[in-house]
Amino acid sequence: MAENEIRDVFVVGLRNAHAMENQALSIMKPQLKRIENYPEVAEKLDRHIRETDGQIVRLEEILDGLGEDKSTLKDMALSVAGSVAALGHAAAGDEILKNAFANFAFENYEAAAYKSLLAVAEAGGYGAATSGLQANLAEELAMAEWINGNLVALTTKFLSLRQLGETAKV
């Protein structure tokens, strides 16, 4: 593959990742606002929202270093899609569980995107981008692992709250 083709793939991938992180924010922020009975989830979501803000900055720095800009259209489209996805779970009686399942899947999707971007960066000789991409990857993997490690406890708490007749949704 020609050098300019690798660069094109890399730039598109970076723009996609930027939009993906904006989508993640549009999913997590409504979830955080609705959480009442799960402070441990709220704390982790709040922390990951701040991490995601940092991921967006790192992606913008990489794009700037390439003389490229983010894709406002992709950012807007995926943000709307994320908001719709977040609303879809809000009507469910087991919203907290559906959010956890979706977040686990999305964190792994994000991790896969960063692994791919790291491979393209290596193939194209974009070494300056690797530390930012590796930092983003590490944060996504850590969040996915946290969800994975807490899913049983979250489900058990949901069942306990529901059995007590408490609002178990969020």
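- Under the 4.0 Å criterion applied to side-chain N and carboxylate O atoms, Arg47 and Glu43 are assigned as salt-bridge partners.
- Sparse packing is recorded around CD of Glu122, with 12 or fewer heavy atoms of other residues, nucleotides or ligands lying under 6.0 Å away.
- A 4.5 Å side-chain heavy-atom check between Leu14 and Leu66 finds at least one atom pair inside the cut-off.
- Side-chain contact between His48 and Gln55 is present, with at least one heavy-atom pair separated by less than 4.5 Å.
- Using a cut-off of 4.0 Å between Lys/Arg side-chain N and Asp/Glu carboxylate O, Glu68 and Arg7 are scored as salt-bridged.
- Without hydrogens or angle criteria, Asn148 side chain to Ala144 main chain gives no donor-acceptor distance under 3.5 Å.
- Side chains of Glu107 and Ile147 form a contact here, defined as non-hydrogen atoms less than 4.5 Å apart.
- Taking the side chain as every heavy atom from C-beta outward, Phe104 and Met143 never approach each other to under 4.5 Å.
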### Task
Determine, step by step, whether Tyr38 and Leu161 satisfy the side-chain contact (heavy atoms from CB on, under 4.5 Å) criterion, reporting the C-alpha distance in whole Å, the side-chain angles of both residues, the deciding distance to 0.1 Å, and the verdict.
CA-CA 10 Å; Tyr38 303 89; Leu161 288 170; 3.5 Å; yes
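- The distance from the CG atom of Asn37 to the OG atom of Ser160 is 11.5 Å, given to the nearest 0.5 Å.
- Ion pairing between a basic and an acidic side chain is recognised when a charged N comes within 4.0 Å of a carboxylate O; Arg15 and Glu60 show no such pairing.
- Inspection of the Gln31 and Asn103 side chains reveals an N or O donor paired with an N or O acceptor under 3.5 Å.
- Glu140 places a side-chain heavy atom less than 4.5 Å from the side chain of Glu21.
- Side-chain contact check for Val41 versus Asn150: every heavy-atom pair is 4.5 Å or farther apart.
- Looking at Leu141 and Glu145, their side chains never come closer than 4.5 Å, going by heavy atoms from C-beta outward.
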